[in-house]
K.L.:
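This structure is in structure tokens; I'll ask about it shortly.
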Amino acid sequence: SVVSSLERPVPKECRLDADRLAQEIGSAIQSLCAGLAGDLSTEVSEAAALVVGVSVPGVVDEDEGRVRRSETLGLQDAPLVSLVRRSLSSQASGSPGLSGSLEVRLYQDAGCGAWAESRWGAAGRNCLYLAVGERISSAVLLGGAPVLGEGWAGQVGRILVPDPDWSGERARLEDVASVCAMVRRHTAGMLDDSAAPEPGGCEDASDESFAQCATGLESLLGAIASGDREARRVWDTGLDCLAELIAQGVGLLGPLDVVVNSELMRADEAAFLEPLRGRVADLVGDLPAPRLVAARLGATAPALGAAGRALADWK
């Protein structure tokens, strides 16, 4: 059961700095434990094991507790588990809930989102989970366990696809069909449809830039509703790319549940899920079409999954 939660943006100074990020994680955990201190018995708060699950975007070595690469956080080969453990240990003295034994586990965020959706959300024990935000990532869950692929599984946003804006060129999937990319492509078309948009529009994604993307999404959806042809083209070509990815997953894995977690769900079902289902059904041919549904847990899924997986692994 979730008894308390806390949400903080990642400070800019934490990007590119694993030590600073670990301190911020430790500070957030300390705040959670302090907030619960009055609800816990003295015996529990002083002696219980603290089990921490940390989920991050990117390539993660779960066994070593190391972030191999995370463009979102600007980290490369960072031993995040040991840094978080050190941060929490340094704060343990006099901090309720931090004085017992300590276990820290590191996971990839899409895998945690899939795990949480399987336990408490829209998916079954076998599913393809697709997270479409400022980037695009995925996870495959088989028998309730995420497929790790030595940490590289789920990096679908980096796959090259035909660029719908520039004939003969190729672009990363997340530079075509992510929320930020859809907004950027639409904005570029409005400002100057003769100039090529900058590639990698989400490379420097931050909480502030994604908030701007969310605002831009409202503008894009409004333009589609008003009959703007360029907005419709951007939307349709983005959905085409997502549908091809899902259809290829069905061809490889069979008709698993497909759970989509995205700000794009802010469009009504007739504008997003229904056309996506139709495209996937057309592309899989005579194969069984998957059950394609919206995620239930939203942005909290990776955090819930990290907590749940850490507890399951610890037990």
Side-chain angles (χ1 to χ4, degrees), residues 1-58 60-62 64-113 116 133-135 204-211 297-311 313-314:
S1 300
V2 176
V3 295
S4 184
S5 64
L6 174 68
E7 183 174 349
R8 293 179 179 175
V10 178
K12 290 181 179 179
E13 58 267 25
C14 290
R15 301 178 192 280
L16 305 173
D17 189 337
D19 286 285
R20 181 67 184 84
L21 178 62
Q23 292 170 18
E24 186 69 21
I25 293 170
S27 173
I29 293 169
Q30 183 184 34
S31 296
L32 276 171
C33 289
L36 287 171
D39 299 326
L40 299 175
S41 68
T42 302
E43 293 79 9
V44 171
S45 63
E46 291 182 355
L50 176 63
V51 182
V52 178
V54 181
S55 70
V56 300
V60 171
D61 187 324
E62 295 187 1
E64 293 191 11
R66 187 176 292 269
V67 180
R68 291 301 182 191
R69 182 172 68 188
S70 175
E71 291 182 359
T72 303
L73 297 172
L75 299 182
Q76 184 88 15
D77 201 31
L80 195 58
V81 161
S82 63
L83 295 175
V84 170
R85 186 180 290 115
R86 184 173 67 189
S87 173
L88 289 170
S89 297
S90 68
Q91 299 175 36
S93 179
S95 297
L98 296 182
S99 55
S101 62
L102 175 64
E103 182 71 25
V104 181
R105 300 291 177 98
L106 179 68
Y107 307 107
Q108 196 264 353
D109 63 345
C112 288
E134 67 265 42
R135 297 183 181 277
D204 298 319
S206 65
D207 296 300
E208 292 83 0
S209 66
F210 187 58
L297 304 177
T300 64
L304 292 171
R309 289 188 66 192
L311 283 171
D313 289 345
W314 175 67

K.L.:
Is it true that the side chains of S27 and R8 contain a donor and an acceptor less than 3.5 Å apart?
P.N.:
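Note: S27 and R8 side chains meet the donor-acceptor criterion.
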K.L.:
With L80, which of V104, V67, L73 fulfils side chain to side chain contact (heavy atoms under 4.5 Å, CB included)?
P.N.:
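The option that passes is V67.
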K.L.:
Take E13 and E24, measure what side chain to side chain contact (heavy atoms under 4.5 Å, CB included) needs, and give me the verdict at the end.
P.N.:
CA-CA 10 Å; E13 58 267 25; E24 186 69 21; 6.0 Å; no
K.L.:
Which heavy-atom pair separates S89 from L102 by the least distance, and what is that distance?
P.N.:
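Where S89 meets L102 most closely, the heavy atoms are OG-CD2, 4.0 Å.
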K.L.:
Might you work through the side chain to side chain contact (heavy atoms under 4.5 Å, CB included) test for V81 and R66, ending with a clear yes or no?
P.N.:
CA-CA 7 Å; V81 161; R66 187 176 292 269; over 6 Å; no
K.L.:
Does the side chain to side chain contact (heavy atoms under 4.5 Å, CB included) test come out yes or no for R68 and V60, once each step is laid out?
P.N.:
CA-CA 5 Å; R68 291 301 182 191; V60 171; over 6 Å; no
K.L.:
Give the minimum heavy-atom separation between D313 and R105, together with the two atoms involved.
P.N.:
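Closest pair (atom of D313, atom of R105, distance): CB-NH1, 2.9 Å.
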K.L.:
Is the backbone of P57 close enough, under 3.5 Å, to the side chain of S70 for a donor and an acceptor to pair up by distance?
P.N.:
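Yes.
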K.L.:
Identify the two heavy atoms, one from S87 and one from A22, that lie closest to each other, and give their separation to 0.1 Å.
P.N.:
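Answer, listing the atom of S87 first, then A22: OG-O, 3.4 Å.
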K.L.:
Can you check whether R135 reaches E71 side chain to side chain, under 4.5 Å on heavy atoms?
P.N.:
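R135 vs E71: side chains touch.
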K.L.:
Yes or no on side chain to side chain contact (heavy atoms under 4.5 Å, CB included) for Q23 and V84, after CA distance, side-chain angles and deciding distance?
P.N.:
CA-CA 7 Å; Q23 292 170 18; V84 170; over 6 Å; no
K.L.:
With a 4.5 Å limit on heavy-atom distance, are the side chains of L50 and I29 in contact?
P.N.:
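With C-beta onward as the side chain, the pair touches.
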K.L.:
Please find the pair of heavy atoms, one from C112 and one from P302, that lie closest to each other, and give the distance.
P.N.:
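Residues C112 and P302, closest heavy atoms: CB-O, 3.3 Å.
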K.L.:
Pair R309, S55 - check side-chain hydrogen bond (donor to acceptor under 3.5 Å, both in side chains), show working.
P.N.:
CA-CA 10 Å; R309 289 188 66 192; S55 70; over 6 Å; no
K.L.:
Please examine the side chains of L21 and D17, heavy atoms only from C-beta on, and report whether any two atoms are closer than 4.5 Å.
P.N.:
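With C-beta onward as the side chain, the pair stays apart.
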K.L.:
Quick one, L106 and V56 - any side-chain contact, counting heavy atoms below 4.5 Å?
P.N.:
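With C-beta onward as the side chain, the pair touches.
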K.L.:
On a heavy-atom basis, which atom in L6 and which in S31 lie closest, and how many Å separate them?
P.N.:
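L6 and S31 have their closest heavy atoms at CD2-CB, 4.0 Å.
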